[in-house]
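In what follows, a structure is listed as structure tokens, so that the remarks can point back to it.
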Amino acid sequence: LIFNIFFVLHSYSIIGQNSQKITSMISYFNDRNYSSFMTEFPETYVDFLSLYGFDLDKGKAAPFYYDSYKHINFIFSDSLLNDTRYFEKIFNIAASKWDADATNYLQDNLITFIMDNPQYVYNFIKKYSDKDIKNFFIFILDNPHPYQKSHQNMCDKLKDLFRGIDKIL
């Protein structure tokens, strides 16, 4: 663990508050401390990319780029995501835009979460503006291969799901 923390901090020359956040996130993840990990998890797309993205211009990975798959799966592995504080972070990131790698992992897990918890998601998003909701669904439905049959099937399922909920309410 100590080597892992040192390597991450040294490799990316991170100082100050970000290094504390990264150190905490590593510790919380290794301890499987979901609520503390989610407290430290980014709240915006920009912050998400600063921890999980890849800068193509510099050819440099963010501190958790190589851990993004494990971290994103961890986030969606606990029923605490139904806690509004945590889901709000995911919503805010998702209401931005789609990108490859970590963002794609987030998208895949979010789609599964929506399919498994449609009423919760519906009740959660209806407090947002039409623009935010539209951006959220653009994120979910954005795909580098939009005409693949599997993507079309998923889009149809989401439409049917939300159309059905809307009729009930």
Side-chain angles (χ1 to χ4, degrees), residues 1-118 120-121 123-125 127-129 131-144:
L1 174 65
I2 291 177
F3 175 75
N4 192 15
I5 292 170
F6 176 76
F7 176 77
V8 170
L9 296 178
H10 178 71
S11 296
Y12 302 101
S13 303
I14 295 168
I15 57 173
Q17 189 175 8
N18 277 346
S19 65
Q20 179 58 46
K21 179 183 214 71
I22 290 168
T23 302
S24 296
M25 288 181 74
I26 291 169
S27 177
Y28 298 145
F29 178 78
N30 289 336
D31 294 343
R32 310 309 276 173
N33 184 337
Y34 186 88
S35 59
S36 295
F37 183 84
M38 283 306 295
T39 298
E40 295 294 328
F41 194 77
E43 296 186 24
T44 67
Y45 185 74
V46 171
D47 290 342
F48 179 76
L49 286 183
S50 74
L51 291 175
Y52 292 98
F54 190 91
D55 187 334
L56 289 174
D57 295 332
K58 295 178 183 175
K60 189 173 182 181
F64 292 132
Y65 175 78
Y66 297 105
D67 295 317
S68 59
Y69 184 78
K70 292 186 298 186
H71 286 194
I72 301 301
N73 284 335
F74 176 60
I75 290 167
F76 285 90
S77 71
D78 196 295
S79 62
L80 288 176
L81 192 57
N82 285 324
D83 184 316
T84 302
R85 295 172 297 162
Y86 304 143
F87 192 73
E88 188 157 26
K89 290 182 176 199
I90 303 303
F91 180 88
N92 289 336
I93 293 167
S96 297
K97 67 177 194 170
W98 183 89
D99 200 355
D101 301 327
T103 308
N104 188 51
Y105 304 146
L106 183 71
Q107 179 193 44
D108 289 346
N109 280 277
L110 185 55
I111 289 167
T112 301
F113 182 81
I114 291 168
M115 300 300 276
D116 292 345
N117 303 280
Y120 172 80
V121 173
N123 290 333
F124 181 88
I125 67 174
K127 69 182 179 183
Y128 286 89
S129 71
K131 180 183 176 195
D132 287 339
I133 294 170
K134 179 181 176 186
N135 288 339
F136 178 74
F137 279 103
I138 287 172
F139 172 85
I140 292 166
L141 300 174
D142 196 8
N143 184 301

Any [X] side-chain heavy atom under 4.5 Å of [Y] side chain:
X: Leu51; Y: Asp47; value: no
X: Ile114; Y: Phe136; value: yes
X: Asp108; Y: Tyr69; value: no
X: Phe113; Y: Phe76; value: yes
X: Asp31; Y: Ser27; value: yes
X: Phe124; Y: Glu88; value: yes
X: Ile90; Y: Phe41; value: yes

- Do Tyr128 and Phe91 have ring centroids that are under 6.0 Å from one another?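 When the ring centroids of Phe91 and Tyr128 are compared, they turn out to be within the sub-6.0 Å range.
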
- Item | Pair Tyr52 + Tyr65: ring centers closer than 6.0 Å |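 Tyr52 vs Tyr65: aromatic centres not under 6.0 Å.
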
- Task: Evaluate side-chain contact (heavy atoms from CB on, under 4.5 Å) for Phe74 paired with Asn109, printing each intermediate quantity in order.
- Result: CA-CA 10 Å; Phe74 176 60; Asn109 280 277; over 6 Å; no

Calculate, to the nearest 0.5 Å, the distance between atoms [atom1] and [atom2] belonging to [X] and [Y] respectively.
X: Met25; Y: Glu40; atom1: CE; atom2: CD; answer: 7.5 Å
X: Lys89; Y: Thr39; atom1: NZ; atom2: OG1; answer: 6.0 Å
X: Ile22; Y: Ser50; atom1: CD1; atom2: OG; answer: 8.0 Å
X: Asn117; Y: Thr112; atom1: CG; atom2: OG1; answer: 10.5 Å
X: Phe48; Y: Ile93; atom1: CZ; atom2: CD1; answer: 5.5 Å
X: Ile26; Y: Phe37; atom1: CD1; atom2: CZ; answer: 10.0 Å

- Describe, in one word, how the ring planes of Tyr86 and Tyr34 are oriented to each other, choosing from parallel (under 30°), tilted (30 to 60°) and perpendicular (over 60°).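 Judged by the thresholds at 30° and 60°, the geometry between Tyr86 and Tyr34 is perpendicular.
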
- Between His71 and Phe29, what is the ring plane arrangement, given parallel below 30°, perpendicular above 60°, and tilted in between?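 Ring orientation of His71 relative to Phe29: tilted.
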
- More than 12 non-hydrogen atoms from neighbouring residues, nucleotides or ligands closer than 6.0 Å to NZ on Lys127, yes or no?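 Yes, enclosed.
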
- Query: Is there a donor-acceptor contact under 3.5 Å linking the side chains of Ser24 and Gln20?
  - Reply: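 Looking only at side-chain atoms, Gln20 and Ser24 do form a donor-acceptor pair, the distance falling under 3.5 Å.
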
